[in-house]
Protein chains: 2
Amino acid sequence: MPLSPRVPELGALELLLAVARLGSVGRAAAELGVSQPAASARIKGMERQIGVPLLERSPRGSRPTETGRVVVEWARNVVEAAQALDAGIDALRERRDARLTVVASLTVAEYLMPGWLLALHQVSPDTSVILRTANSADVASHVLAGDADLGFVEGPTTPPGLAGAVVAADRLVVVVAPSHPWARRRTPLTGAELAATPLVLREPGSGTREVLEQALAPYGGATTPRLELASSTALKAAAMTGAGPVCLSELAVTEELATRRLVAVPVDVDLARPLRAVWPAGHRPAGPARVLLGLTRKQ
Amino acid sequence: MPLSPRVPELGALELLLAVARLGSVGRAAAELGVSQPAASARIKGMERQIGVPLLERSPRGSRPTETGRVVVEWARNVVEAAQALDAGIDALRERRDARLTVVASLTVAEYLMPGWLLALHQVSPDTSVILRTANSADVASHVLAGDADLGFVEGPTTPPGLAGAVVAADRLVVVVAPSHPWARRRTPLTGAELAATPLVLREPGSGTREVLEQALAPYGGATTPRLELASSTALKAAAMTGAGPVCLSELAVTEELATRRLVAVPVDVDLARPLRAVWPAGHRPAGPARVLLGLTRKQ
DNA sequence: AGAGGGGCATAGGGCCAGGCTATGTCCTCA
DNA sequence: TGAGGACATAGCCTGGCCCTATGCCCCTCT
């Protein structure tokens, strides 16, 4: 589903937010470091693109119109996601002046790090972070070797030689399209039912696959999957097009569940997978690592 | 906090997602309707901007590198928010061939409509929607007059002459910065405590203000606010900079709560505010209105 | 009443990002 | 060894965006 050409660019959205916040095109222009005419033209271009006036101009400043306010809120979501991306990108760049090095498993890096990085930046703006990704075993060895100040791993145990704390819990969920009969199901699926159902899954060897096999072992293990796909995205797409029940990480589908593009089926089996922060045993995190750790702690 | 110039544009992010999905720069270029060299150059530019290789090129196609996969997930959030904006913009444009007209209160339009519109588009791509915003009273009159097929209002009752169903529940929350003492509070605030605390609030006359007054009436009503601000954004900013406890709509702060840039304080008072879909009594929604209604129903 | 200032719009000119076509290089497979 | 798929390079062009300068409007202060 390609984005229509009617969507303003990030710069324009950011400008719109600044105008809404500051109450004046000129001030917004100054804050973003462009000239007032440039900002004015850009807003006007955006209004032409959308086909709806967004600002009420007056000699005393500019305020969003009613529809403008709505667009501003929508734009805010885009810009906030872009800020998360920005924070992430910044952490991926290797920089000599960097102070805090973190190595995280893919799930943590993909779904949780951006928010944490943003929060950290707000608390201590001068801390720069280097983010590396690795599988759980490599995370452990990086932290042990002192390559990283803090690690994040998935799995039930803390690797030997490390101390750690659970910071969040991922959980596998079974999701279906809203049109699927299970979408209206109230009574939880039993382990036996789940084990007997051909599911759409990640390929063997993936972390999610392991958790599922372990959870269903008491019921004779899962039956042959209906389909095996290589990425969470492919799984989501399969679920939405009605390919049948899909089992994947909850973190990958929060958005789809919130908007009900996908529906979670209640399940009677524990599919939780704790996410841990780890550090060398005996070396309690200090400084920026400690701050970050505090931000990630489960509420 | 201006976005750094290192953030790729929406078009580039979309291209990256397409490459990751299709496994080839050329195919992604074709899907987005640009030439292969253009796509290639754009990806390369993005890698230069970020400072990290994103794709593993091979003579048989391109796959994201490890860090590429992480960036892809981050980019997906941005593009999905942009798609929600796109769907919203599309619904704001008046179009002659439009089939379904919806009028919603500001809260619903801002925070819930985009997801619903996306979901509707996926279920029935040919339905085009016109979205108008109004306060709850005007929503009722528009729906009664037949100007709109479906309305969404906030408030405890269904307006006279209309039938309706609760589709979601907004709720006021008290939020503080993570550094605030209340952030670690476990025992819920009592109504009396809340009534005695000077809060940061929206201006008088706002919907949230009404709900709060009503909920705190048994405790003698809320004390004089510490600060009155004109927008949810201003409230959030105030909360983050530690201006004290802020009371606002839960829907406005889901993101901040999830990433712990803000923390919700448990409260012992019911601050719920139901959101209803409404239609003319006796005229059960049919066609696209019925589909949309089904998508919005609370899980 | 007039001057000044804040705020937005218009005009004219310049720059560069990104697009296109054509072509090159590399690998794989028949 | 030749064909085909996939990405990179070269050269050129267009248009979007930005800047400075200026105009118009309204409010406020003197």
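All values below were derived from every heavy atom in this structure, side-chain atoms included, with hydrogens, water molecules and symmetry-related copies excluded.
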- If we ignore angles and hydrogens, is there a donor and acceptor under 3.5 Å between the side chains of A:E154 and A:S105? yes

- Query: Short question: side chain of B:E110, backbone of A:V70 - any donor-acceptor pair under 3.5 Å?
  - Reply: no

- Message: Between C1' on C:dG7 and CG on A:L22, what's the gap in Å once rounded to a whole number?
- Response: 14 Å

- Message: Whether A:K236 and A:E256 form a salt bridge (side-chain N of Lys/Arg under 4.0 Å from carboxylate O of Asp/Glu) is what I want to check.
- Response: yes

- Message: What range of DNA chain D does chain B touch, first nucleotide to last, counting atoms under 4.0 Å from its heavy atoms?
- Response: D:dA6 to D:dT9

- State, yes or no, whether a side-chain contact exists between B:W74 and A:Y111 at a heavy-atom distance under 4.5 Å. no

- Message: Between C1' on C:dC8 and CZ on A:R63, what's the gap in Å once rounded to a whole number?
- Response: 17 Å

- Would you name the heavy atoms of B:A243 and B:V200 that are closest together and state the gap between them? O-CG2, 3.8 Å

- If only side-chain N and O atoms of A:K44 are considered, is one of them under 4.0 Å from the OP1 or OP2 phosphate oxygen of C:dC8? no

- Message: Quick one, B:R261 and A:L118 - any side-chain contact, counting heavy atoms below 4.5 Å?
- Response: yes

- Message: Taking 4.0 Å as the cut-off, does a side-chain nitrogen or oxygen of A:R57 come that near to OP1 or OP2 on C:dA9?
- Response: yes

Contact list (N/O, under 3.5 angstrom) for nucleotides 21-30 of chain C vs protein:
none

- Check whether any side-chain N or O of A:R27 sits under 4.0 Å from OP1 or OP2 of C:dG7, and answer yes or no. yes

- Message: Using only atom types and a distance under 3.5 Å, with no angle test, would you say the side chain of A:R27 pairs donor to acceptor with the backbone of A:L22?
- Response: yes

Output a table of nitrogen or oxygen pairs between the protein and nucleotides 12-15 of chain C separated by less than 3.5 Å.
none

